[in-house]
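Here's the structure we're looking at; comments come further down.
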Amino acid sequence: MLRILRLLAAAGLLLALSACNESSSSTTSATRTDADAPAVTAAQLCVSSDCGEAQPLLVIPDAENLIFSDDGRLFVSGGQQVYEILPALDGDGYRAVVIADSDCNFTGLAIARGVLYAACGDSRLFAGHLTPQPLLSEIYRLSDMCIPNGVAIGADGALYVVDEPLNITPGSCLPPNPKIVRLAIDPADPLRIQSQQLWLAGSATGGLYLGLDNVLRFPNGLQRDGDFFYGSDGGSLYRVEQLPGGAAGEVEPLFFTPTAIDDIGLVVGGILATDFFTGRIMLVSRDGERLQQTDYGSFASPSSVRLGRPPLFLPTDILVTEKGVLGEHNLPIDRLTLFRRGAVTP
């Protein structure tokens, strides 16, 4: 019954949003963006503890990233595996199904041409076709990377991967070399990477960082909307335009807070962001104005955040991965959580 009610609610909300969807431009699967979700605007969202509440759904060891396919399938990466989230067999709740052929510290996720790509912290790249029972296998090994993290598909159909210059392994990734690399995907075979090249170089000098300059130092999350990439960098949010010909434009800082922003999600007119250290999620306008945020400690080290998609969730739902304690895979606070508008008791 609960499953049926969810489906009916999602269908009703989709009808209400159809006028917005009709005005949005269409995209192909090769140029899918994080903003291709149903056209829910920032003004329609509840991203505050005053209007909504967190509802833990299921445990995901060392939960890291999440992504929806165009038809509403949900995939989540973690410190050991990549999972597809499916309805529970009894129809009430959800279950996580392992879909990678080997364990790894999985990070960023992206979808293009019916293929799910999953970056791994040891520089392996996994991928697999989105069949009814997908299986991800290693297809490529990135070179000169510290921690491959955020992943996005460019307007050119290439895969863009963030290199985060932080590693808990002593002696590795020194000196740090933050950057974004471009992986060219074979037009005839989406499971074959043709080449890797540097797309945007950051600063390896470190030093005081207030997120107000146009240099990347601690890049993490990455999403794309049209010709612009949006990302997180330490406590800042930024955007960078992909210029005609494919080169990167100037890094444009949008927002800064003295904490660590992990991954982000895009909505019409806004950016969803996870505040890893203070345990909350935020909604920031595309111009860098903080619009809403949950209370401190609402989540246990939130890592990624995305809008929901039918049929599993409402378009105004917000899904959050909670990483808990870094590197610890056996805590009940490592989980996938739903934040939904609803009755909040004082």
Side-chain angles (χ1 to χ4, degrees), residues 6 9-10 12-14 16-17 20 33-60 63-70 72-77 83 85 93-94 96 109 150 220-221 223 225 230 232 237 255 257 261-276 278-286 289-324 333-344:
R6 286 197 192 102
L13 187 49
L14 279 176
L17 295 170
C20 295
T33 81
D34 189 44
D36 289 341
V40 175
T41 67
Q44 293 174 286
L45 293 179
C46 165
V47 194
S48 168
S49 300
D50 293 334
C51 58
E53 55 190 3
Q55 306 171 28
L57 299 181
L58 72 168
V59 171
I60 301 290
E64 172 68 20
N65 213 312
L66 63 93
I67 191 172
F68 282 93
S69 66
D70 289 337
R73 296 172 70 179
L74 174 58
F75 303 93
V76 177
S77 66
Y83 309 86
I85 308 304
Y94 303 90
L109 301 171
N220 191 317
Q223 301 297 334
D225 187 5
Y230 291 80
S232 56
L237 298 173
F255 172 84
T257 184
I261 298 175
D262 201 328
D263 204 4
I264 64 172
L266 300 182
V267 303
V268 177
I271 304 169
L272 291 167
T274 55
D275 188 333
F276 188 86
T278 67
R280 59 183 176 175
I281 59 174
M282 301 179 292
L283 177 63
V284 178
S285 75
R286 295 289 180 96
E289 177 187 0
R290 193 195 308 255
L291 302 175
Q292 297 185 61
Q293 62 188 17
T294 61
D295 292 343
Y296 291 108
S298 301
F299 303 90
S301 302
S303 181
S304 63
V305 56
R306 298 285 190 280
L307 282 183
R309 283 179 184 243
L312 293 177
F313 301 97
L314 303 175
T316 51
D317 285 342
I318 297 173
L319 280 300
V320 180
T321 53
E322 297 184 77
K323 200 165 187 66
I333 56 174
D334 297 5
R335 58 199 179 189
L336 175 68
T337 294
L338 167 66
F339 189 83
R340 173 175 285 174
R341 184 189 300 273
V344 178

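Excluded from the calculations below are hydrogen atoms, water molecules and symmetry mates; all remaining heavy atoms, backbone and side chain alike, are included.
- To the nearest 0.5 Å, the span separating OG on Ser232 from CZ on Phe276 amounts to 12.0 Å.
- Separation of atoms OG (Ser49) and CD1 (Ile281) is listed at 8.5 Å; rounding is to 0.5 Å.
- Put simply, the residue from Leu66, Leu266, Val267, Asp317 that forms a side chain to side chain contact (heavy atoms under 4.5 Å, CB included) with Arg306 is Leu66.
- A donor-acceptor contact closer than 3.5 angstrom links the side chains of Asn65 and Asp263.
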- Could you please spell out the steps behind the side-chain contact (heavy atoms from CB on, under 4.5 Å) verdict for Thr257 and Arg290? CA-CA 10 Å; Thr257 184; Arg290 193 195 308 255; 3.7 Å; yes
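- Here the rule is side chain to side chain contact (heavy atoms under 4.5 Å, CB included) with Tyr94, and of Ile85, Leu74, Leu336 only Ile85 fits it.
- In this structure, Asp275 CG and Tyr296 OH are separated by 7.5 Å, a value rounded to the nearest 0.5 Å.
- Distance check: Ser303 OG to Asp334 CG gives 10.5 Å after rounding to the nearest 0.5 Å.
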- Message: Does Phe255 form a side-chain contact (heavy atoms from CB on, under 4.5 Å) with Ile261? I'd like the steps, not just the answer.
- Response: CA-CA 11 Å; Phe255 172 84; Ile261 298 175; 4.2 Å; yes
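- Between Leu283 and the options Ile318, Thr294, Leu272, a side chain to side chain contact (heavy atoms under 4.5 Å, CB included) holds for only Leu272.
- The side-chain heavy atoms of Leu237 and Ile264, taken from C-beta on, include a pair separated by under 4.5 Å.
- Considering only residues two or more places apart in sequence or on other chains, Asp262 meets the salt bridge (Lys or Arg N to Asp or Glu O under 4.0 Å) condition with none of them.
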- Message: The test is salt bridge (charged side-chain N to carboxylate O under 4.0 Å, His left out); show your working for Glu64 and Lys323 and say whether it passes.
- Response: CA-CA 6 Å; Glu64 172 68 20; Lys323 200 165 187 66; 2.9 Å; yes
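- Panel note: side chain Gln292, backbone Leu45; a donor-acceptor pair is recorded below 3.5 Å.
- At distances below 3.5 Å, at least one donor-acceptor pair connects side-chain atoms of Arg286 with backbone N or O atoms of Gly270.
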